[in-house]
Asks: 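This structure is in structure tokens; I'll ask about it shortly.
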Amino acid sequence: MSKWYGDFQVLKDITEEIKQGQTVVVCGPSGSGKSTLLRCINGLEPFQEGEVIVDGVSVSDRATNLYKLRTEIGMVFQRFELYPHMTALQNITLAPMKARKKPKKEAEAKAMELLQRVGIPEKAHEYPANLSGGQQQRVAIARSLVMEPKIMMFDEPTSALDPEMIKEVLDVMIDLSKGGMTMIVVTHEMGFAREVSDEIIFMDEGIIVERGTDISFFQNPKNPRTREFLDKILI
Amino acid sequence: MDWAVIPRNLNFLLGGLVLTFELAAFSLAGGFLLGMLMGFGRLSSRKWIYYPATLYVNFFRSLPLILVIFWFYFMVPFIIGRPLGDFLSAIVAFIAFEAAYFAEIFRAGIQSIPQGQVMAGYSTGLGYYATMRNIVLPQALRNMVPPIVTQCVIIFQDTSLAYVIGLKEFLRRTSLVDARELRSMELYLFAGFVYLVFCSIGTIASRRLEKRQVQIRR
């Protein structure tokens, strides 16, 4: 698929296939279009050319119920984007109650289960302002997981975190990946990529420059641009 | 200085205050509701809603209120064929005028909520209305309270402009008493004092509310 902002082409013939259960890591410099790509996948951004098909459903088809589709695609943002006027529990139960009309008790039970899973059940009634960045991001992950999506997308989930909180979030993500979730992760955390990714994509200026499926990607990238980028971010 | 002029005419003067408060209350209610509609219109992506709403807001924000009061007083009877009376035309003028200001307060309030939260809402499958009702509006309305309270204080002060079409609100009654008693200094000082007291209450309330905003935000 391809996308333009006015005259500027931000995504150029991006072609990719992701199978169920795979974890794909997307890396690249700022402005390469990685975040835009994610937002095109769940229809938050329109695109002009090509097709995006999620589990058989075409995103750009007019007949597609985007709201329903989005319940199948979870998204975690760099700035967490929790609702500040609601507690952690309420943040998580909002979508099940309003989008799926689940009764409160059921939604809360599931939410508590997920808070347990991400490691912070005791913070259920805290407001985001009282949570650390790492905790907020874990609540955000739970908020997406509660809709039982088929795919989870992460847009630089740890980029806005203090170093000591990165691990707690990555641990949750590694856990998810090993549990069989289909994931697309935009990140610069190469340790994470090395551990769980089935494929790594390097994007630059709107195109997929190189793909790799194992450690050789890091040690011996074929494309000079990839090499240049990895030199900058790997120690 | 003969301060006795005030208790002597207090009933008459306070009767004017009743009118002042009535005018302010109607203007506030009507301006708020119409302003909310205009505010949402200003946020609409549908051009046939956006342009009229924007035109309305820019138009009334470019005119002095006193002129708008005159216009409605002279033009509305011309259009509907019969006189409207000073109180009614004042209300209509105020509502039309204040709606433009409330529209901007609404628009700014809603736009002050970071788009990221809206995206987060959409990404969990919530639609436009659910996102507005549960995520944007609760926060936006809370943010709007200080500017709304400020606008109330301004409306209260502006009611004195209805003086020019003869409405017997508080300030006009003050001037009527003055014409009879010739105690301008005492009367106008008293009038100023009354406005001061009520506006101060409003300003203090607004400041308290702002402080509470900051506490909730962190």
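Naming convention: chains lettered A, B, ... in sequence-line order (proteins, then strands); numbering from 1 in each chain.
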Asks: Has Tyr188(B) got more than 12 heavy atoms of other residues, nucleotides or ligands less than 6.0 Å from its OH?
Replies: yes
Asks: Does a side-chain heavy-atom distance below 4.5 Å link Thr124(B) with Val146(A)?
Replies: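 Not in contact.
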Asks: Mind checking whether Gln117(B) and Pro84(A) have side chains closer than 4.5 Å, heavy atoms only?
Replies: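 Yes - at least one pair of side-chain heavy atoms lies under 4.5 Å apart.
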Asks: Please, which pairs that meet ring pair (Phe, Tyr, Trp, His ring centres under 6.0 Å) have at least one residue in residues 13-44 of chain B, sequence neighbours excluded?
Replies: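 Matches after skipping sequence neighbours: Phe21(B)-Phe156(B), Phe21(B)-Phe198(B), Phe32(B)-Phe102(B), Phe32(B)-Phe106(B).
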Asks: Tell me, side chain or backbone of Met153(A) under 4.5 Å from chain B's heavy atoms, or both, or neither?
Replies: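 Contact with chain B involves no heavy atom of Met153(A) at all.
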Asks: With a 4.5 angstrom heavy-atom cut-off, could you sort out which part of Tyr83(A) is near chain B: side chain, backbone, both or neither?
Replies: both
Asks: Answer yes or no: are there more than 12 heavy-atom neighbours, outside Lys167(A) itself, under 6.0 Å from its atom NZ?
Replies: no
Asks: Does Arg61(B) CZ have over 12 foreign heavy atoms under 6.0 Å away?
Replies: yes
Asks: How long is the straight-line distance from CZ of Arg143(A) back to OG of Ser123(B), given to the nearest 0.5 Å?
Replies: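 Reported to 0.5 Å precision, the distance equals 6.5 Å.
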Asks: For the candidates Met86(A), Glu81(A), Arg100(A), which exhibits the highest count of non-hydrogen atom pairs separated by less than 4.5 Å from chain B?
Replies: Glu81(A)
Asks: Just so I understand: if I count every heavy-atom pair under 4.5 Å between each of Asn42(A), Asn65(A), Val76(A), Leu44(A) and chain B, which residue has the most?
Replies: Leu44(A)
Asks: I need the contact set between residues 116-124 of chain A and chain B: heavy-atom distance under 4.5 Å, sorted by residue number.
Replies: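 Contacts with chain B: none.
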Asks: Is Met75(A) in contact with chain B via its backbone, its side chain, both, or neither, using a 4.5 Å heavy-atom distance?
Replies: both
Asks: Nearest heavy-atom pair of Lys98(A) and Asn134(B): which atoms, and what distance?
Replies: CE-OD1, 3.5 Å
Asks: Suppose we screen for side chain to side chain contact (heavy atoms under 4.5 Å, CB included). Which residues come up paired with Tyr5(A), at least two apart in sequence or across chains?
Replies: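 So Tyr5(A) forms a side chain to side chain contact (heavy atoms under 4.5 Å, CB included) with Lys3(A), Val10(A), Thr36(A), Arg39(A), Glu45(A).
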Asks: Restricting to non-hydrogen atoms, name the atom on Gly125(B) and the atom on Thr71(A) that form the minimum distance, rounded to 0.1 Å.
Replies: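 For Gly125(B) versus Thr71(A), the nearest heavy atoms are CA-CG2, 3.7 Å.
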Asks: Could you name each residue pair satisfying side chain to side chain donor-acceptor pair (under 3.5 Å) that touches residues 24-51 of chain B, not counting sequence neighbours?
Replies: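 Non-adjacent pairs meeting side chain to side chain donor-acceptor pair (under 3.5 Å): Arg42(B)-Thr54(B), Arg42(B)-Glu104(B).
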Asks: Need one label for Leu66(A): side chain, backbone, both or neither, based on atoms under 4.5 Å from any heavy atom in chain B.
Replies: neither
Asks: Can you see which heavy atom on Leu126(B) is nearest to which on Tyr67(A), and at what distance?
Replies: O-CD2, 3.9 Å
